[in-house]
Amino acid sequence: MHEAREVVVLRYGHRPGRDDRMTTHVGLTARALGADRVIFPDNAGQSAETVRDITDRFGGPFAVELREDQKAIVRGFEGVVVHLTMYGERVQDVEGEAREAVRGGDDLLVVVGGEKVPWALYERADFNVGVTNQPHSEVAGLAVFLDRLFEGEELDREWADADREVVPEPTGKTVVDVDGASEESD
């Protein structure tokens, strides 16, 4: 698949104390499943630090930003805006059209709400996408959307500048230093 110039995930809203783990997982999922960058609200510094640490240890490229101007980011984005919401059109009905926009070279902004989002976001989005129209985790919605967008190709992604690598195996947990100097196992 021809990739977009950039796939960006925007975590729209963050309630400190309540959303810390979920916001972190939005960033980790974005990184692991093919996005190029995540933008967190400026009050999600701990989540940003965690995702940067994982990127430093397990490779990139992947960028993490903290920004306060979320409405302006959405309003001014020059590319395709996808808003993940359980109230949107079924992902299986719009994924092809979203993928074609990306193949055409457009940047893509995937908005993942962390609290009630303003109606203007629904209006601005090129696609309001529901991975399922049942209550579910925004992290699950992001994972399914990115996997469908990249048609599974993100699962074979090569990671640059990694210090550590997970060794796939049927049992056990093995993480090795990329230079092979040491090994951690459970």
Side-chain angles (χ1 to χ4, degrees), residues 1-15 18-41 44 47-48 50-51 54-55 58-65 70 73-74 77 79-119 121-159 166 168:
M1 172 174 135
H2 177 267
E3 304 234 358
R5 290 184 305 242
E6 185 172 44
V7 174
V8 181
V9 173
L10 171 64
R11 172 65 162 168
Y12 198 98
H14 173 77
R15 297 163 289 193
R18 179 175 176 178
D19 291 341
D20 294 337
R21 187 174 177 97
M22 194 65 69
T23 296
T24 298
H25 285 197
V26 165
L28 293 174
T29 299
R31 177 192 163 275
L33 294 179
D36 300 295
R37 178 168 54 117
V38 68
I39 302 171
F40 289 140
S47 294
T50 299
V51 176
I54 293 295
T55 302
F58 289 90
F62 187 74
V64 181
E65 293 180 33
Q70 295 180 304
I73 291 167
V74 174
F77 190 78
V80 176
V81 176
V82 171
H83 170 221
L84 299 179
T85 170
M86 70 181 193
Y87 305 105
E89 296 178 90
R90 297 175 347 142
V91 68
Q92 58 268 43
D93 295 339
V94 298
E95 68 181 274
E97 194 174 346
R99 192 179 306 112
E100 286 305 313
V102 169
R103 284 182 176 153
D106 289 331
D107 288 338
L108 180 69
L109 179 68
V110 182
V111 182
V112 179
E115 56 190 332
K116 187 173 182 176
V117 299
W119 184 251
L121 176 56
Y122 286 88
E123 292 175 330
R124 165 58 182 99
D126 297 291
F127 301 97
N128 287 291
V129 178
V131 166
T132 177
N133 298 108
Q134 294 293 314
H136 65 284
S137 160
E138 56 267 35
V139 174
L142 177 61
V144 169
F145 177 78
L146 290 175
D147 186 62
R148 285 185 174 246
L149 177 71
F150 293 119
E151 299 180 290
E153 292 178 10
E154 79 286 358
L155 301 177
D156 293 323
R157 180 178 178 182
E158 297 288 327
W159 297 97
V166 174

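We count residues from 1, following the sequence as given.
In terms of heavy atoms, Val26 sits closest to Leu142 at O-CD2, 3.5 Å. Taking each heavy atom of Thr24 and Val51 in turn, the nearest pair found is O-CG2, 3.8 Å. Across Met22 and Ser137, no two heavy atoms sit closer than the pair SD-OG, 3.8 Å.
Residues passing the salt bridge (charged side-chain N to carboxylate O under 4.0 Å, His left out) test with Glu100 are Arg103, sequence neighbours excluded. Asp147 meets the side chain to side chain donor-acceptor pair (under 3.5 Å) test with no other residue; sequence neighbours excluded. In this structure, Arg21 has no side chain to side chain donor-acceptor pair (under 3.5 Å) partners at least two apart in sequence or on a different chain. Applying the side chain to side chain donor-acceptor pair (under 3.5 Å) rule to Asn133 yields no partners; only residues at least two apart in sequence or on another chain are considered. Qualifying side chain to side chain donor-acceptor pair (under 3.5 Å) partners for Glu123, counting only residues two or more places apart in sequence or in other chains: Trp119.
With rounding to the nearest 0.5 angstrom, the CZ atom of Arg15 is 8.5 Å from the OG1 atom of Thr23. Taken from CD1 in Ile73 to CD1 in Ile39, the straight-line distance is 4.5 Å, to the nearest 0.5 Å. Between Glu97 atom CD and Asp126 atom CG the span is 9.0 Å, to the nearest 0.5 Å. Put simply, OG1 on Thr55 and CG on Leu28 are 8.0 Å apart, with the number rounded to the nearest 0.5 Å. Note that CD of Glu6 is 4.0 Å distant from CZ of Arg37, once rounded to the nearest 0.5 Å.
When atom types are taken as modelled, the side chain of Arg124 and the backbone of Val74 share a donor-acceptor pair closer than 3.5 angstrom. A donor-acceptor pair under 3.5 Å links the side-chain atoms of Arg11 to the main chain of Gly113, judged by distance alone. Between the side chain of Asp19 and the backbone N or O of His14, no donor-acceptor pair lies under 3.5 Å. Under a 3.5 Å cut-off, the side chain of Asp106 and the backbone N or O of Gly79 do not form any donor-acceptor pair. Arg148 places no side-chain N or O within 3.5 Å of a backbone atom of Arg99 that could act as its donor or acceptor partner.
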**Message:** Is there a side chain to side chain contact (heavy atoms under 4.5 Å, CB included) between Val8 and Asp107? Walk through the geometry before answering.
**Reply:** CA-CA 8 Å; Val8 181; Asp107 288 338; over 6 Å; no
**Prompt:** Can Leu108 and Leu149 be said to form a side chain to side chain contact (heavy atoms under 4.5 Å, CB included), step by step?
**Reply:** CA-CA 11 Å; Leu108 180 69; Leu149 177 71; 3.4 Å; yes
**Request:** Give the C-alpha distance, both sets of side-chain angles, the deciding distance and a yes or no for side chain to side chain contact (heavy atoms under 4.5 Å, CB included) between Gln70 and Leu10.
**Result:** CA-CA 8 Å; Gln70 295 180 304; Leu10 171 64; 4.0 Å; yes
**Prompt:** After noting the C-alpha distance and the side-chain angles of Val166 and Phe58, does the key distance pass the side chain to side chain contact (heavy atoms under 4.5 Å, CB included) rule?
**Reply:** CA-CA 9 Å; Val166 174; Phe58 289 90; 3.9 Å; yes
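The shortest distance between side-chain heavy atoms of Thr29 and Val9 does not fall below 4.5 Å. In this structure, the side chains of Phe145 and Leu33 stay at 4.5 Å or more apart for every pair of heavy atoms. Between Glu138 and Tyr12 there is no side-chain heavy-atom pair separated by less than 4.5 Å.
Atom CZ of Arg157 has more than 12 heavy atoms from other residues, nucleotides or ligands within 6.0 Å.
Sorted by first and then second residue, the ring pair (Phe, Tyr, Trp, His ring centres under 6.0 Å) pairs with a member in residues 81-115 read His83-Tyr122; sequence neighbours excluded.
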